[in-house]
Protein chains: 2
Amino acid sequence: MPGERPRPSASPTISEVAAEAGVGRATAARTLGGYGYVSPELKERVLAAAEKLGYRANALARSMSTGVSHTLGVIVADIGNPFFAGVVRGICDTSRARGFDTLVVSTYERLDEEVAAANVLIDKRVDGMIVASAAVDRSSVGHIRTALDRGIPVVLVDRAVPSLDLDAVVIDNRNAAREAVEKLIAAGHRRIGFVWGPPVDKAPATRRGLIAAASRNLWTDGERLRGYLDALDDASIPFDPELVMVGPKVEERAAREVARMLDLPDRVTALFCTETDGVTGALRAIRARGLSCPGDVSLIGFDDSAWAAVMVPPLTMIEQPVHRLGSTAAEVLLDVLAGAEPRREMHTLRTRLVDRSSVAAPPGRT
Amino acid sequence: MPGERPRPSASPTISEVAAEAGVGRATAARTLGGYGYVSPELKERVLAAAEKLGYRANALARSMSTGVSHTLGVIVADIGNPFFAGVVRGICDTSRARGFDTLVVSTYERLDEEVAAANVLIDKRVDGMIVASAAVDRSSVGHIRTALDRGIPVVLVDRAVPSLDLDAVVIDNRNAAREAVEKLIAAGHRRIGFVWGPPVDKAPATRRGLIAAASRNLWTDGERLRGYLDALDDASIPFDPELVMVGPKVEERAAREVARMLDLPDRVTALFCTETDGVTGALRAIRARGLSCPGDVSLIGFDDSAWAAVMVPPLTMIEQPVHRLGSTAAEVLLDVLAGAEPRREMHTLRTRLVDRSSVAAPPGRT
DNA sequence: CTGTTAGCGCCTTCAT
DNA sequence: ATGAAGGCGCTAACAG
């Protein structure tokens, strides 16, 4: 028996394949790596040997010598959120189609986790990064700068970061919000609650202060709030700080805040929710008060889903192009990796208002 | 100016740090790698140099020499499914807590994608793998065998694979299904539809054939079907093939099949749905027929969610311990990686039936 | 305690 | 067309 050469290991190397095929390493490397010239016969032998040994290239070693990993890093706030799950799927689909693997990390909306995630991705030498960042101001973008400094292209998705001049793939948040609120206004509402405001204790009394507070938290929040105010302005409806939710952004809190708005002397007759959990929270509060939707209060929310369609009443929702958000981001990034010049611009995708039955005239107005 | 030494690159190496600190590479490597002995003063200098240059270890290079990557590979059917998203979060949380990174790949229920995913993970030299496999029989587990052969421990999650003697973390599918159906029976139902059956054209006429068909598709499907039949048996209710959904497992099809069951002369009065999309599909069909739940048809489904709680009526659902499913799988795997002997057993987690209001007596029975 | 040396598996000139 | 040799950044034995 062939006791001389080292017994084939669990993960055979190119050298082992070369030995088995009786050729030099370089020849084996060339055929297995698919580059350079190799005579058909030798190529045949190498392939056979590789097959026999069950050879698989070591991606680590390959990345080390080439300097590229063919891997994209993705940082999202919460992979458990169907929105981000869809975005990630879009990213994975198109990057895989172009021969790239994807490394995804979820930060659960914590900036420190985001920084840690960026470091992990840098350490793993991803070729580029797609990030939905919780960062908003100059002081919190260090980790992204670091990646950029290391020559790792970054494209933002879902959330732009104003202080960073980067490609960003987002939706038309402000417009989408405005259209939704306009629809509510058109139905006759003037007391319209904004669910999912800034996580502060008390709503700032001024619009300026409110916008600042919202923008300080998340880019999308600020935009959606602006859209809400835009619509109010156009209809000359005075802004009432009592009608915006404040506090931690969880379903439970949304329910409490909506309950509060429902208990106001001049209570809300319509609700605009910027997130799915805001919708369920609002619904909970409405039910708890024994009120009905849309009879007593109308509702429009962000993020359409199969559930929204089978609710009673079927919910009017804003549908986001989640998959395309991801695929576009991946495309932009992959183009840069392929040598294209970064355009450093905002790629804005359109949303669609899915009209169902949760909007009606306010009560007492027939 | 220091023109001699190569200018610090975008990603400084240990050698550069060593040079900057005026020590040998090994000393720098030791302090930066956190192993071996280094005098406090030198350590101090190295650290300062690293800080100054912005040194970050190259995880690839490190993995190459150590042979371990401190990375877990995860393969799930669909990251867009909140169930798997929760499982993945459980995995990430505990693996990160134990110093491991996570590489997740979604296969969208396609076995060929699963095989490709396994290869990618093997190529990237993950230390271990957690997989929710679509494989069921001996002939379709080659990729998992390959990983095992290469010394990569694998633990299964959510879906066991009978032909593979591995650790598997799952829920008590059969029992959960049985309890749900028992509840329906206790409410007086005898015509109970099973939504999300095997993807065949026509339901096999015999129970044996049906179970075989279901098991051929997915382990969980077979188990849940068995639980359904168990409950029927216990109550001496004859099995009727007309009451099981067949065809592609998508919401649209579920709606069609439920509509069919609703149109039967002796129509269903209750539905048991094994997946979320089955629930929304069923609801859609019920609404379309102008029927009400639970007045005309009762319903219990798998996978609780915030939506289920605000539906009209609030839905009685089976809650799965998604996060714990993931964290347990990660723990089992990490223990093995830490040297523990694989126990090769089934870790079964309990589900909880969340009782709300979608179950009532069948119509005409008060 | 520190520095030198030899790989890890692959790609890539460079001769042959 | 093919093989030999050097290097990617790091760890790990080995001397000193």
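Below, read A as the first sequence line, B as the second, and so on, with proteins coming before strands; counting in each chain starts at 1.
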**Q.** Terminal axes of the helix from C/dC1-D/dG16 to C/dT16-D/dA1 (five pairs each): angle between them, nearest 10 degrees
**A.** 40°
Q. Side chains of B/Arg159 and B/Thr220: donor-acceptor distance under 3.5 Å anywhere?
A. no
Q.
Using whole Å, what does the distance between atom P of nucleotide C/dC11 and atom CG of A/Leu32 come to?
A. 8 Å
Which protein N or O atoms sit under 3.5 Å from an N or O of nucleotides 1-5 of chain D?
| residue | atom | partner | partner atom | Å |
| --- | --- | --- | --- | --- |
| D/dT2 | OP1 | A/Ser39 | OG | 2.5 |
| D/dT2 | OP2 | A/Ser39 | N | 2.4 |
| D/dG3 | OP2 | A/Gly24 | N | 3.0 |
| D/dG3 | OP2 | A/Thr27 | OG1 | 2.3 |
| D/dG3 | N7 | A/Arg30 | NH2 | 2.7 |
| D/dG3 | O6 | A/Arg30 | NH1 | 3.4 |

Q) So, do A/Leu166 and A/Val155 sit near enough that their side-chain heavy atoms are less than 4.5 Å apart? A) no
**Q.** Side-chain touch B/Val105/B/Val74, heavy atoms, less than 4.5 angstrom
**A.** no
Q.
Quick one about A/Thr71 and B/Lys124 (side-chain donor to acceptor, distance below 3.5 Å, no hydrogens or angles considered), yes or no?
A. yes
Q) How many Å lie between CD1 on B/Ile14 and P on D/dC8, as a whole number? A) 14 Å
Q: State whether the number of non-hydrogen atoms from other residues, nucleotides or ligands found under 6.0 Å of A/Arg138 atom CZ is greater than 12.
A: no
Q.
Take a 6.0 Å sphere around CZ of B/Arg25 and say whether it holds more than 12 heavy atoms from other residues, nucleotides or ligands.
A. no
Q: Return yes if a side-chain donor-acceptor contact under 3.5 Å exists between A/His70 and A/Asp127, otherwise no.
A: no
Q: Check the distance between D/dC8's C1' and A/Asn58's CG and give it to me in whole angstrom.
A: 13 Å
**Q.** Spacing of A/Arg125 atom CZ relative to D/dG9 atom P, expressed in whole Å
**A.** 8 Å
Q: Find the distance A/Met64:CE to D/dG7:C1' and express it as a whole number of Å.
A: 9 Å
Q. Within the structure, does a side-chain N or O atom of A/Tyr55 lie under 4.0 Å from either OP1 or OP2 of C/dC10?
A. yes
Q: Return the value, rounded to whole Å, for the distance between atom CZ of A/Arg62 and atom C1' of C/dC10.
A: 8 Å
Q. Roughly how many Å is it from CZ in B/Arg56 to P in D/dC10, rounded to a whole number?
A. 12 Å
(Q) Whole angstroms only, please: what is the CD-C1' distance between A/Glu16 and C/dG7? (A) 15 Å
Q. Hey, are the side chains of A/Ser140 and A/Leu111 touching, using non-hydrogen atoms and a 4.5 Å cut-off?
A. yes
Q) Just checking, is any N or O donor in the side chain of B/Asp167 or B/His347 under 3.5 Å from an acceptor N or O on the other one? A) yes
